[in-house]
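This report refers to the structure that appears directly beneath it.
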Amino acid sequence: MLSSYINREKVYVEDIAKYEGQKITLYGWLYNKRLKGKLAFLLLRDGTGIIQCVMSVADVGEAIFQRAEEVTQESSIVITGQVRADQRAPGGYEILAEDLQIVHLAKDYPITPKEHGTTFLMDHRHLWLRSRKQNAILRIRHTIIQSIRDFFDQQKFVLIDAPIFTPAACEGTTTLFETDYFDTKAYLTQSGQLYMEAAAMAFGKVYCFGPTFRAEKSKTRRHLTEFWMVEPEVAYMDLNGAMELAENLVAYIVERVLDKHQEQFKVIERDTSKLETIKTPFPRIHYDEAAKILKEAGSEFVYGDDFGGGDETIISNQFDRPVMVHRYPAEVKAFYMKNDPEDQSRALCVDMLAPEGYGEIIGGGQREDDYDTLIEKIKKHNLPQSAFEWYLDLRRYGSVPHAGFGLGIERTVAWICGLHHVRETIPFPRLMHRLYP
RNA sequence: UCCCGAGUAGCUCAAUCGGCAGAGCGGGUGGCUGUUAACCACUAGGUUGCAGGUUCGAGUCCUGCCUCGGGAGCCA
């Protein structure tokens, strides 16, 4: 019975307005139902939307109506009927049902239309994905990823995939996941950056897009142990170029999402007026200016340190769009950052802080391109030079000024969707205390 | 790793001073032709996270452990 329709072109709920007055068949699941004697209201969900199907016993007869009485939440169903506009229907359209097929009867679906706690929902993440709100968030995530790819592709960047297994750390080793790689140790990547530098020397403008892993024992709303990052890297580009690229990227993402997802923003109750202001240019402030803002706000921030989560919120609250803080003290930044020739104590780096307290969404800067200086920095950071010989080759053979950055997808989604926690921005989050489902 | 907080029905939560373990949702049965997380009536459903201790009596107090949540540091 199923094989007769399983591969056929289907009508989806998101396109329902096009079929007004026509008889159609919808394939999906029962989201919820309300029975009222000889009248049944069935909410059918098909992944693209939810639509109310009205069934009257007088129209379909006792046998079919009995299926409506029996069908349970999240049972898979096929409904045939006429599309009509009706003010009383949520969404403005409904189906006047003529037939209902139950493909599979679900028994005791655990997630009810009432409220649930975080732990319970996270344990049922594989089912929670079916909910209206999670559907909206992950559709917005999809568009964010799509617009990132479009942004770079349109500017003729080449997508170069970075490896997941890496031989050594590019920053601290305490945050690496160690794996057994035959008779040696390998680590899950925490950044594709060093490989992108190699690729930039080969292709000019490149980016990678993939998962990264950090074994930080962090339990905050901004941390995942597995998260996705896009990392562009450009040869013959300096810090200013990186900042321009970063602000153009973020403004483009916001524009695309606002254009496409008004309906999803309504579902997740996101006030989009705070996104309408996100236009270039973004403010650029020196680390010293940021420090001054914190001092005036009475923060316990110590000059010379990196900013804490609360400090980032204080700084970002001064602006109605993301703010870029540049030239941090070189000491708090990674070995590959180039020092500012005008002030050797500063790194040519930039962090972009999202508005509304969402914190750092971008970190990047200009890379050290001088061979001798880089060697010194590797020594100063107590890193094994042997592991970086291939990286040093990039400074031996045609070194040029180059820059790039990394944008964290989940934090960007959390900010754009106005979510409290990054765990809802990825289909199956990996957290310090969660590896299931 | 450190600092807080919470574990009671399938789920969300109550239970006053230490004194009969309860409600809503979900499940079951019946009713209802315009419901909007439908509603109404009835009904089943419990090793109060685990192990000890105090007490006439512990969901409640004490000790240890486990799990989860919030935050810090670190980061995207």
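B/A6 and B/U60 have their P atoms separated by 14 Å, given to the nearest Å. The same atom, C1', is picked in B/U43 and in B/U47; the two are 24 Å apart, to the nearest Å. Remark: the separation of the C1' atoms in B/G49 and B/G5 is 16 Å, to the nearest Å. Comparing the C1' positions of B/A21 and B/A58 gives a spacing of 13 Å, expressed to the nearest Å.
Every residue two or more places apart in sequence or in another chain that forms a side-chain hydrogen bond (donor to acceptor under 3.5 Å, both in side chains) with A/D343 is listed here: A/S345. For A/D46, the side-chain hydrogen bond (donor to acceptor under 3.5 Å, both in side chains) partners are A/T48, not counting sequence neighbours. Here A/H116 pairs with A/T112 under the side-chain hydrogen bond (donor to acceptor under 3.5 Å, both in side chains) rule; sequence neighbours left out. In terms of the ring-ring contact (aromatic ring centres under 6.0 Å, His included) criterion, residue partners of A/Y207 (sequence neighbours excluded) are, by chain and number, A/F152. Looking at residues two or more places apart in sequence or on another chain, you find a side-chain contact (heavy atoms from CB on, under 4.5 Å) between A/D15 and A/Y12, A/K18, A/Y19.
RNA chain B is contacted by no residue of residues 281-288 of chain A, taking any non-hydrogen atom closer than 4.0 Å. Residues from residues 414-426 of chain A lying near RNA chain B, meaning a heavy-atom separation below 4.0 Å, are A/H421, A/R423 in numerical order. Within residues 116-140 of chain A, the residues approached by RNA chain B to less than 4.0 Å at the level of any non-hydrogen atom are A/H116, A/G117, A/T119, A/F120, in residue-number order.
Side-chain rings of A/Y303 and A/Y287 approach one another, their centers coming within less than 6.0 Å. Between A/Y187 and A/F177, the gap from one ring centroid to the other reaches at least 6.0 Å. Between A/Y195 and A/W390, the ring centre distance stays below 6.0 Å.
Salt bridge status for A/E356 with A/R270: present, with a side-chain N to carboxylate O gap under 4.0 Å. A salt bridge does not link A/R222 to A/E410: none of the charged side-chain nitrogens sits closer than 4.0 Å to a carboxylate oxygen. Under the 4.0 Å criterion applied to side-chain N and carboxylate O atoms, A/E20 and A/R84 are not assigned as salt-bridge partners. Between A/K274 and A/D320 no salt bridge is recorded (no basic side-chain N to carboxylate O distance below 4.0 Å). Salt bridge annotation for A/K279-A/E255: absent, with no cationic side-chain nitrogen under 4.0 angstrom from a carboxylate oxygen.
Whole-Å rounding puts the A/I111 CD1 to B/C11 P distance at 12 Å. Rounded to an integer number of Å, the gap from CG of A/L96 to C1' of B/G34 is 12 Å. The CG-C1' distance, from A/L43 to B/G34, rounds to 13 Å in whole Å. For the pair A/M55 CE and B/G34 P, the computed distance is 17 Å after rounding to whole Å. The separation between A/L30 atom CG and B/A37 atom P is 15 Å, rounded to whole Å. Atom P of nucleotide B/G69 and atom CG of A/L431 are separated by 7 Å, given to the nearest angstrom.
Pairing of B/G27, defined by two Watson-Crick or G-U wobble distances under 3.5 Å, is identified with B/U43. In this structure B/A51 sits in a base pair with B/U63, meeting the Watson-Crick or G-U test at under 3.5 Å. When Watson-Crick and G-U wobble pairs are counted only if both distances are under 3.5 Å, B/A21 pairs with no nucleotide at all. A 3.5 Å limit on both hydrogen-bonding distances identifies B/C4 as the Watson-Crick or G-U partner of B/G69. Across all strands shown, B/A9 forms no Watson-Crick or G-U wobble pair with both distances under 3.5 Å.
Checking B/G34, B/C75, B/A76 against the side-chain heavy atoms of A/E94 singles out B/G34 as nearest. Each of B/G34, B/A72, B/A76 was ranked by its minimum atom distance to the side chain of A/R88; first place goes to B/G34. When each of B/C68, B/A37, B/C75 is scored by its nearest atom to the side-chain atoms of A/R34, the top-ranked nucleotide is B/A37.
If A/L224 and A/G309 are placed on RNA chain B by their nearest nucleotide, the residue sitting closer to the 5' end is A/G309. For the pair A/Q52 and A/R222, nearest-nucleotide mapping onto RNA chain B gives the more 5' position to A/Q52.
The local environment of CD in A/E269 is sparse, with at most 12 non-hydrogen atoms from other residues, nucleotides or ligands closer than 6.0 Å. Atom CD of A/Q344 is surrounded by more than 12 heavy atoms from other residues, nucleotides or ligands within 6.0 Å. Crowding of A/H104 atom NE2: a count of heavy atoms from other residues, nucleotides or ligands under 6.0 Å not exceeding 12. Shown here is A/Q262, whose CD atom has more than 12 heavy atoms of other residues, nucleotides or ligands within 6.0 Å.
The minimum heavy-atom distance linking A/L394 with A/L194 is given by the pair CD1-O, 4.4 Å.
For A/Q52 and A/R88, the side-chain atoms include no donor-acceptor pair closer than 3.5 Å.
Across all strands shown, A/R221 has heavy atoms under 4.0 Å from sugar-phosphate atoms exclusively, and none from any base. At the heavy-atom level, A/P90 lies under 4.0 Å from base atoms of the strands shown. Counting non-hydrogen atoms under 4.0 angstrom, A/E410 reaches nothing in the nucleic acid.
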Ignoring hydrogens and angles, write down the donor-acceptor pairs under 3.5 Å from the side chains of residues 322-332 of chain A, residues two or more places apart or on other chains.
unit_1 : atom_1 : unit_2 : atom_2 : d
A/R327 : NE     : A/D340 : OD2    : 2.8
A/Y328 : OH     : A/D351 : OD2    : 3.2

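Shown here, B/C50 is classed anti by the O4'-C1'-N9-C4 or O4'-C1'-N1-C2 angle, which is more than 90° from 0.
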Contact pattern, 5' to 3', of nucleotides 42-50 of chain B - B, S or - by protein heavy atom under 4.0 Å: ---------
Summarise how protein sits on nucleotides 26-33 of chain B as a single string, 5' to 3': B when a protein heavy atom is under 4.0 Å from the base, S for sugar-phosphate-only contact, - for no contact. SS----BB
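Figure legend: cation-pi geometry between A/R149 and A/F209, with NZ or CZ positioned under 6.0 Å from the six-membered ring centre and within 45° of its axis.
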Which protein N or O atoms sit under 3.5 Å from an N or O of nucleotides 1-6 of chain B?
unit_1 : atom_1 : unit_2 : atom_2 : d
B/U1   : OP1    : A/K217 : NZ     : 3.0
B/U1   : O4     : A/K217 : O      : 2.7

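Residue-nucleotide stacking is present for A/F227 and B/A76, judged by a side-chain ring centre under 5.5 Å from the six-membered base ring centre and planes under 30° apart.
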